[in-house]
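These notes concern the structure reproduced below.
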Amino acid sequence: MIDKYNPQAIESRWQAAWERDGLYRAVIDSARPKHYAMTMLPYPSGNLHIGHWFAMTPSDARARFKRMNGYNVLFPMGFDAFGLPAENAAIKHKLHPAKWTYENIDRMRGQMKSMGAMFDWSREAISADPEYYRWTQWFFLQFFKNDLAYRQRASVDFCPHCNTTLAREQVWGDDRHCERCGTPVIKKDLEQWFFRITKYADELADHSKIDWPERVVTMQNNWVGRSEGAHITFHTEDEDELTVFTTRPDTLFGATFMVLAPEHPLVETITTPDQRAAVEEYRAAAVRQTEIERAATDKEKTGVFTGGYAINPATGEKIPVWIADYVMMGYGLGAIMAVPAHDDRDFAFARKFGLPIRAVIQPEGDPLNGDTMIEPYIGEGVLINSGKFDGIPATDAIEKITAWVEEQGRGHAAVSYKLRDWLISRQRYWGAPIPIIYCDKCGIVPVPEDQLPVLLPDDVQFSDSGENPLKFHPAYQHVACPNCGGDARRETDTMDTFMCSSWYQLRYLSPHYDKAPFDPVEAAYWLPVDQYTGGIEHATMHLMYTRFFTKALRDCGVFAATETLRDPALPSIDDEPMSALFNQGIILGEPRAGHFIVAEGEWEAERLNAHSIRAIDGSEAATETAINRVVGEIWKRAETLLDVHTTDGRDVTVEVFDDTTFEIPGVGMNAGVEDLRHHLDVEKMSKSKGNVIDPDALVEKYGADVVRGYLMFAFRWELGGPWDSQGIQGVVRWLNDVWALVLNDRPKIGGDTAAPDADVRALRRKVHQTIKRVTDGLEGFGFNTTVAALMELKNTLQAARRTPVANDPAWNEAIRTMLLLMAPITPHIAEELWSQIGNTTSIHLGAWPIYDADIAKEEAITLIVQINGKVRDRIAAPADISEEDAKARALASTEVARHLNGDAPKKVVYVAGRGMINIVV
RNA sequence: GGGGACGUGGCGGAAUUGGCAGACGCGCAUGACUUAGGAUCAUGUGACGCAAGUCGUGGGGGUUCAAGUCCCCCCGUCCCCACCA
């Protein structure tokens with residue numbers, strides 16, 4: 001009986017059965033430990049791509065694994081449904097964003113169901129639903145009430161293409177472009193809403209309560225950018241105060257001039273009449289300059305003297321005050337004391353404009369001289385030219401001079417952050433309206449909570465310019481002031497969609513709850529998220545915002561009701577939203593090579609493998625192996641393409657454009673190509689490059705289990721890598737083999753003869769070793785080695801099947817165990833085979849196999865005998881061999897004797913755990 | 001300029017954290033079966049060598065009985081931040 005594995009026949013059937021039986025409904029069960037697994041929710045862009053599969057199916061495998069290990073697992077899914085693409089599609093196709101969005105959601109939900117993932121769809125949350133954004137607005141009001149939201153005119157980043165302002169986090173790269181569309185941003189002076197995320201700077205830089213990847217922690221800490229230093233107040237000649245932030249108060253005596261950002265408010269008053277024209281011109285030029293130009297680090301320093309002076313509080317000296325665009329208004333206090341002797345930028349500036357340089361930190365060696373220094377000295381040393389502080393090590397002086405400044409009433413220790421408050425206003429339609437009303441009499445008036453949600457009107461006209469249609473919707477804008485009843489105007493900006501995604505883990509708990517953003521009973525049981533997974537690209541955006549949100553909600557008292565329902569002994573849920581995080585990598589496009597010349601014919605390589613190399617003119621290549629090597633080496637080392645010729649049947653000569661020639665004698669390359677550069681044509685997938693892998697087509701061709709299995713097997717999950725359309729065949733073979741192994745009739749080996757005990761023990765040993773590898777692998781996100789372990793077990797079973805072991809009860813146990821171990825990774829085939837071998841309940845409700853270290857323990861080991869670290873012999877020995885025995889056997893080996901050549905061993909090292917002996921001569 | 005990650009066969013990647021380098025898979029080679037094969041089965045597959053053997057984890061040094069793994073110096077790739085005071 002051979003019934004071929006046909007995934008299409010079984011997968012939809014099981015998906016329907018699981019849905020019918022409510023297998024993945026997660027319901028509170030206080031008798032079981034909970035596990036809240038969450039993977040980043042998708043934006044409903046239209047179709048699921050392979051990246052979604054790569055992100056979601058391994059997460060699903062781990063959630064299933066947790067479930068089989070006795071956890072009550074919640075693994076929800078939803079859609080981050082507000083956002084610009086919907087609005088752009090609306091403009092382009094004359095289609096309402098809601099229609100576009102919800103149609104996409106319907107399609108993508110269906111595509112996700114084809115993954116066979118255990119998503120609990122009864123908890124689906126969609127951020128564009130009024131019942132969702134009602135609470136997004138409610139949170140805004142809580143922030144407003146608690147002084148965490150404020151409105152301010154500020155110079156903000158504006159994307160001219162998307163026609164909206166952006167948060168600092170959404171401006172990327174050297175050219176400061178819009179994260180969504182790539183257009184360089186411009187600065188605009190606008191009244192906007194901000195959240196006081198900076199209030200939480202220190203807390204956000206503290207990751208001690210969560211288990212997050214080091215990479216994310218580092219990026220977030222850099223983003224918060226805490227620096228410790230001091231505020232020091234100088235006085236101008238007119239007795240105006242001019243306060244600077246510095247991380248080097250120890251160099252105060254070396255401050256020989258000051259620099260203000262061109263936008264600094266004091267510029268107005270400090271500038272002298274004869275300098276005013278020059279200053280005004282410089283300020284105007286600075287405004288005109290793009291951020292890119294201003295931020296270029298290698299730029300020649302520019303600046304203008306204001307004509308004004310300030311007094312260095314340490315030296316009493318009169319020092320000039322300049323303006324220069326290398327000082328930014330947005331960081332610190334927008335003003336610096338310049339210490340040219342000990343700072344790169346100040347040094348360059350001083351040299352250019354002939355300003356005095358005074359060394360105040362002296363390293364060991366020749367005394368520094370400010371007039372002759374050719375570069376600033378940044379390192380450690382002792383203070384000089386610093387009055388009573390002379391001779392103190394600079395590291396101590398930071399504290400001492402700060403204390404002294406404070407005594408003088410001239411400043412204090414201070415901390416500065418790079419983190420900016422979060423700008424959440426967006427001048428676009430498809431987002432959650434900001435629930436604010438402006439009244440001429442009452443000012444800024446929040447919409448009363450019982451009037452939420454502020455609904456987006458449907459009857460809007462989109463213009464090609466992308467301008468917010470709410471601005472042209474009088475009925476939406478004109479409202480009565482909730483306070484005085486008079487004529488008032490509704491805010492037309494909507495909220496940054498990162499606001500919606502900052503709290504979705506809460507809405508999943510009770511997506512239809514209408515008394516609060518979430519049901520405290522659900523929250524008390526499920527929170528916090530135990531395992532979050534998603535891409536690293538959100539490190540300083542979503543992952544920052546959601547942590548801020550949680551802390552802000554805590555301070556607004558939103559978790560109070562939940563806390564009363566929780567065991568106070570449990571760790572708190574209101575400091576951090578997600579206890580653990582794991583970032584998967586990305587799947588890149590399949591590598592493609594171009595044309596090159598082989599055997600004087602033109603050849604084409606669509607891939608890096610020789611298999612698909614063929615001559616355009618139909619001629620034959622040299623041996624495929626040789627060509628294979630050439631292609632590999634070319635792609636590994638060459639920058640530009642080259643000619644490849646065969647000189648005879650086997651040898652290949654490669655000519656690089658610069659006439660370098662090297663030989664490839666049949667197999668392998670000779671040396672001499674080291675200077676060729678690595679070059680591999682691997683790119684991100686994109687429609688325009690035509691290298692997109694469509695998961696639907698793969699599912700249709702191979703089935704969901706194969707796609708899941710391949711995605712987990714072919715890459716390290718945290719790294720991802722280029723797609724390989726041939727590699728998937730390995731997973732196809734694996735599942736075909738498993739299918740045949742479980743279902744096909746077995747020949748009775750030797751009638752009913754009992755299998756030798758040793759063989760049975762060997763089989764069970766392999767099974768238990770696999771249990772351990774799979775358990776550890778799934779726990780630790782090592783999906784690729786997990787699949788490898790399952791393949792090995794299959795290989796072992798295939799071999800055992802030809803022996804009497806296949807008649808032993810241990811065989812059936814092995815099959816059962818293998819299916820249970822496969823269930824999280826390939827849920828459909830596992831379920832089908834589980835049912836076919838006679839089980840009536842779902843394998844996914846089955847208990848995870850228990851690892852028994854005694855069974856897994858090797859009975860015999862191979863002693864590895866090394867001489868001076870080189871393996872010279874292998875000797876079979878019992879696992880419990882004593883050290884003396886092992887050494888004796890090693891020294892008795894004839895191989896050892898041969899290599900010792902009569903020399904006496906100087907030392908014999910025995911490593912018990914590894915069965916290794918090293919004889920040192 | 002600052003911070004971080006990485007570099008292992010033709011390819012994706014293993015290596016229980018200092019202990020047999022190359023698991024598992026792709027590809028490839030040879031053979032079998034086939035009208036055929038992008039199917040299946042068997043065997044082989046780091047390099048060099050007929051072999052004994054030698055060499056091998058980007059390069060160079062070091063620590064150690066033992067280094068892909070630890071330390072130092074280079075080279076290269078990628079990511080983040082960036083006139084941050």
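None of the values given here were measured: they were computed from a predicted structure. Chain letters run A, B, ... following the sequence lines, proteins first and then strands; every chain starts at 1.
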With respect to the side chain of [X], which nucleotide from [options] is positioned closest?
X	options	value
A:Asn784	B:G27, B:C24, B:G13	B:G13
A:Tyr326	B:G27, B:A15, B:C83	B:C83
A:Phe715	B:C20, B:C83, B:G12	B:G12
A:Tyr331	B:U40, B:A85, B:C41	B:A85
A:Met791	B:G25, B:A23, B:C55	B:G25
A:Thr246	B:C20, B:A85, B:G3	B:A85
A:Arg733	B:C55, B:G25, B:C26	B:C26

At what distance, to the nearest 0.5 angstrom, does [atom1] of [X] lie from [atom2] of [Y]?
X	Y	atom1	atom2	result
A:Leu790	A:Thr770	CG	OG1	7.0 Å
A:Met544	A:Met219	CE	CE	10.5 Å
A:Leu698	A:Ile693	CG	CD1	6.5 Å

Please determine whether a side-chain nitrogen or oxygen atom of [X] lies at a distance below 4.0 Å from atom OP1 or OP2 of [N].
X	N	result
A:Arg226	B:C84	no
A:Asn795	B:G25	yes
A:Arg914	B:U17	yes
A:Arg345	B:G1	no
A:Lys701	B:G38	no
A:Arg168	B:A82	yes

Base, sugar-phosphate alone, or nothing: which one does [X] contact when heavy atoms must sit under 4.0 Å apart?
X	result
A:Arg872	sugar-phosphate
A:Trp734	nothing
A:Gly720	sugar-phosphate
A:Arg773	nothing
A:Lys794	nothing
A:Met219	sugar-phosphate

task: Classify the glycosidic conformation of B:U17 as syn or anti, calling it syn when the angle lies within 90° of 0.
output: syn
field: B:G9: syn or anti, per glycosidic angle within 90° of 0
entry: syn
- prompt: If you pin A:Ala714 and A:Asn736 to their nearest nucleotides in RNA chain B, which one's is more 5'?
  reply: A:Ala714
query: How do A:Phe245 and A:Thr218 order along RNA chain B: which one's closest nucleotide is nearer the 5' end?
result: A:Thr218
Atom pair distance, as rounded to whole Å: [atom1] in [X] and [atom2] in [N]:
X	N	atom1	atom2	value
A:Gln798	B:U43	CD	P	11 Å
A:Gln220	B:G4	CD	C1'	14 Å
A:Ile728	B:G27	CD1	P	12 Å
A:Leu260	B:C83	CG	C1'	16 Å
A:Leu419	B:A82	CG	P	12 Å
A:Glu537	B:C78	CD	C1'	15 Å

Determine which nucleotide pairs with [N], using a 3.5 Å limit on both distances of a Watson-Crick or G-U wobble pair.
N	result
B:A39	none
B:U34	none
B:C48	B:G53
B:A82	none
B:G7	B:C75

query: Relative to the ring of A:Trp322, is the ring of A:Phe349 parallel (under 30°), tilted (30 to 60°) or perpendicular (over 60°)?
result: perpendicular
- prompt: For the residue pair A:Tyr5 and A:Trp739, does the interplanar ring angle fall in the parallel (under 30°), tilted (30 to 60°) or perpendicular (over 60°) class?
  reply: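 Ring orientation, 0 to 90° scale: tilted.
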If I pick the [atom1] atom on [M] and the same atom on [N], what distance separates them, to the nearest angstrom?
N	M	atom1	result
B:U63	B:C73	C1'	15 Å
B:G59	B:G76	P	15 Å
B:C83	B:G1	P	15 Å
B:G49	B:C55	C1'	11 Å
B:G4	B:C71	P	13 Å
B:A39	B:C33	C1'	11 Å

message: Under 6.0 Å from the ring centre and within 45 degrees of the ring axis: does the NZ or CZ of A:Lys772 meet both conditions for the six-membered ring of A:Tyr851?
response: yes
- request: Could you give me the CA-CA distance, side-chain angles and deciding distance for A:Phe715 and A:Phe54, then say whether ring-ring contact (aromatic ring centres under 6.0 Å, His included) is met?
  value: CA-CA 10 Å; A:Phe715 317 89; A:Phe54 189 58; 5.7 Å; yes
message: Testing A:Lys766, A:Arg914, A:Arg765 one by one against A:Glu858 for a salt bridge (charged side-chain N to carboxylate O under 4.0 Å, His left out), which residue passes?
response: A:Arg765
task: Could you tell me whether A:Phe713 and A:Trp734 have their ring centroids closer than 6.0 angstrom?
output: no
Annotated protein contacts, base or backbone, on nucleotides 58-68 of chain B with a non-hydrogen cut-off under 4.0 Å, one of B, S, - each: -------BS--
message: Can you give me the closest heavy-atom contact between A:Thr786 and A:Leu778, atom names plus distance?
response: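 Here A:Thr786 and A:Leu778 meet closest at OG1-N, 3.7 Å.
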Beyond-backbone contact of A:Val732 with A:Gln729, side-chain heavy atoms, under 4.5 angstrom: yes
